[in-house]
Protein chains: 2
Amino acid sequence: MDVDTRLLRYFAAVAEEGNLTRAAERLFVSQPALTKQVKQLEAQLGVELFVRSRAGMVPTEAGDALAARIPGLLADWDRALRETRSAASRAARVLRVGFVASAANESTQRIIAAFTGRRPDWRVDLRQTDWSEPSAGLADGRVDVALLRLPFPGQDRSNVAVLLTEPRWVALAESHPLAALARIPFRDLWDEPFVAAPQETGEWRDYWLATDERDGTEPRIGTVTRTTDEWLTAIANGYGVALAPESCARFYPRPGVAYRPVTGVSPSRVAVAWAKDGDPVIADFVRSCLEHRAPSAR
Amino acid sequence: MDVDTRLLRYFAAVAEEGNLTRAAERLFVSQPALTKQVKQLEAQLGVELFVRSRAGMVPTEAGDALAARIPGLLADWDRALRETRSAASRAARVLRVGFVASAANESTQRIIAAFTGRRPDWRVDLRQTDWSEPSAGLADGRVDVALLRLPFPGQDRSNVAVLLTEPRWVALAESHPLAALARIPFRDLWDEPFVAAPQETGEWRDYWLATDERDGTEPRIGTVTRTTDEWLTAIANGYGVALAPESCARFYPRPGVAYRPVTGVSPSRVAVAWAKDGDPVIADFVRSCLEHRAPSAR
DNA sequence: CTGCGTCGATAACCTGACGGCATGGACGTC
DNA sequence: GACGTCCATGCCGTCAGGTTATCGACGCAG
C-alpha cells in the first residue's frame, strides 16, 4: 500500500499537537485540508487513528503505534535522500562546500585555489546560508564540508578543525546610550533586549545570546530574525542589541548600526567541519583550509 | 522532501529491469506514465538517476545508491503498516483469522466455538483467501493467525502446528485417458502439463507441482490460475492436470473434473500458523485448534 | 439564557498531477 | 530501406489536494 511521506508528516503533526487547527498552522495548510488528509489516511489503512472530541484529536492505540514508527521512517528516507545526492556529487567530482554568511572571510578564495591545485579535476560548489542554518547544510547532508562558526547543531556528528578565533563584539543602534563607550563590559548588556536567532537553531542561538556567560540571568529577547538583513534592520530600529564577530563590523556596516568591542565574553571560533566518513577528497579540502588558517589558531 | 512510496516502487522496478517498457508492464502502467514519473523523481531529487541509451535505462551511481536503500525503506513502511493494523484489531478485541480455501474444513466451526469459549469478549474475523495467497495473509500481517497448508511463503518466520494430514490426489479432465484408472502412480503424471499457481507463490507452487518428487524432471506448465474457479475450469477444459488434497474432491466437485488418488507422492499437511510474538490470545486460539485436530496428526 | 470562542466537519470550487493513447525520433538489424 | 525496439512528447480526461466560507457541537462568561 502506497503513502506519501507528506501524509505521514501530517499525521505525525496532528498526533503530536492533539489538535487539528494548530497542526494545520504548523504545517502551513488549512484546517479542512488536514481534516481530509487524516481521514484519507485512515481510509487507506482501514484503521481509526484518532478519537475526535471537543478537546481535540486523541490518537487511538493504532494511532500511537503508527506515530511511534513515523520518525524512524522519515529519518530513513531522509538519509537515503542525502546519500543519493552525495553519491551524485561525488560521481560528478563536485565538492559541495557550505559556509555561513558570517564565517566567509578573505581566505576563502585562497582555500579554494589550494584545493583546486590538489584536485584539478574537481569542481567546488559554494553554498552560502544565512544564520537560520548555522550548520551551513552540513547537518542535513546538503554539503560535504562547511566553513562555519562553533558551536553549531549536529557538531558532535562531525569532525571539526578551528581555523581562527576572533573577539565577539556587540552591534547596537547608533543612538543607543552604550554606543558612546569605546568598549562595553558584557555585564552592562545583560539587561538589554537582544535580537536573537530562531528557537530551532538550538545551541547556536544560545551561544550568540551568551546564555552561559550571564551568571544565570535570563536573556531578554527583543525580536527574532532569520536573515542578515532583517537582523541589521532590527538592530538599527532599536529592537535590541546583538553579539557579533568582530569581522561583522567590516563586512556588514550599516547606517544606524554601531559595532563596539565587548569585554568579558568569550571569543568566537571559525572552523571547517565535515562528516565523519574519511573521504580523501574532503581531507584534501580540510588540508587546504588548515594551510590558510590564521596564526592565532595554530 | 516528500515522496510517494509508489514513486519509489516505480524507480526500483526500472532500476531492476534496466528497461522502461518492461518495468511498465510489470507495474501495470503505460510506458509514458513511467517515463514521466521517473523524470519527476529525478527532478524532485535534483539528481540524474539513469543514463538513457538505446540499450535501456542504466542507473547512475546515484541511482545505484538510491536503489540500494529502497527495499529497506519499503519493508519498514510495510512493517509499520502491519503493526498499526494489528494494534487496531487488538484494541478492538478482534482476532483476525485467515484460512486458505482448501484448508477450510469441518472443524473450523468447532475451533471458533472453542476459542470464543476461552475468550468470550473477543470476536473472530474470518478472512478466506484463494491460493494466490497461500499464507492466507499471515506473511503480510493482515491476519494474526491462519489455517493453511504447508509449506507456505514466510513459513520460517512463523510458528506452525500441524492439524491434519491427508493424501494428495490428482484433478484431471474426465475425458483424460488416465481418469480411467482408480489410482494413478505419480510417475505417470510427470509428463503431463500441469495447471500451476502463479510464479510469485514460490515454494507453494513448487509443492503442488511436486517438483521435488520427480527425480529432477522439469514439470510442464499447461497454464497458470489464481482462483479456485479458474483452476477448475482450466482442468475441465484439459489445459492440464493438478495435484490437490483429497478433501478437494468433496469440496469442489465439478462436472468435467475427475479426482483420483495418486500413489508415490507425499501427503499434504494442514496446519495453524502464527507470528512468533507470543500473544496470549493467539495462544488460546492455537490451543483451540489443537483440541480439534485429527487423530492422525497427534 | 444568550452570545462568543474553539473544536472539527462539510460544501463548492480551482488547479495541477497522473494516467492513458497516439505518435515521434534515434538507432540497430535483417 | 523497411522494421523493431528503445525512450520522449503532446494532448486530453479524471481525480486528488488545496482554498475559502460556513456549519454544528460544545463549553464558558456575562
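Because the structure is a prediction, the values reported are computed rather than measured. In what follows, chains are A, B, ... by sequence order, proteins preceding strands, each numbered from 1.
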Please enumerate all residues that pass side chain to side chain contact (heavy atoms under 4.5 Å, CB included) together with A:Ala236, with sequence neighbours excluded.
A:Val257
With sequence neighbours left out, the residues meeting side chain to side chain contact (heavy atoms under 4.5 Å, CB included) with B:Val224 are B:Pro198, B:Arg205, B:Ile221
Could you write nucleotides 4-10 of chain C as a row of B, S and -, 5' to 3', where a protein heavy atom under 4.0 Å of any base atom gives B, of only sugar-phosphate atoms gives S, and otherwise -?
---SBBB
Counting only heavy atoms and a strict 4.0 angstrom limit, can you tell me which residues of residues 1-11 of chain A come near DNA chain D?
A:Arg6, A:Tyr10
I'd like to know if B:Arg127 pairs up with B:Asp125 as an ion pair, taking the criterion as any Lys NZ or Arg NE/NH1/NH2 lying under 4.0 Å from an Asp or Glu carboxylate oxygen.
yes
Residues that B:Tyr207 engages under ring pair (Phe, Tyr, Trp, His ring centres under 6.0 Å), provided they are two or more places apart
none
My understanding is that only residues two or more places apart in sequence, or in another chain, count here; which of them pass side chain to side chain donor-acceptor pair (under 3.5 Å) with B:Ser158?
none
My understanding is that only residues two or more places apart in sequence, or in another chain, count here; which of them pass side chain to side chain contact (heavy atoms under 4.5 Å, CB included) with B:Asp156?
none
In short, salt bridge (charged side-chain N to carboxylate O under 4.0 Å, His left out) pairs touching residues 58-69 of chain A with sequence neighbours left out are A:Arg69-B:Glu83
Salt bridge (charged side-chain N to carboxylate O under 4.0 Å, His left out) contacts touching residues 20-35 of chain A (sequence neighbours left out):
A:Glu16-A:Arg26, A:Glu17-A:Arg22, A:Glu17-A:Arg26
Extract, from 5' to 3' on DNA chain D, the first and final nucleotides lying under 4.0 angstrom from some heavy atom of chain B.
D:dC6 to D:dC11
Integer-rounded Å distance: C:dG20 P and B:Leu27 CG
11 Å
Sugar-phosphate, base or nothing in reach of A:Ala33, heavy atoms under 4.0 Å
base
Taking only residues at least two apart or on different chains, which pairs with a member in residues 3-14 of chain A satisfy salt bridge (charged side-chain N to carboxylate O under 4.0 Å, His left out)?
A:Asp4-A:Arg6, A:Arg9-B:Asp2
For B:Arg82, side chain to side chain contact (heavy atoms under 4.5 Å, CB included) partners two or more places apart:
B:Asp78, B:Arg79
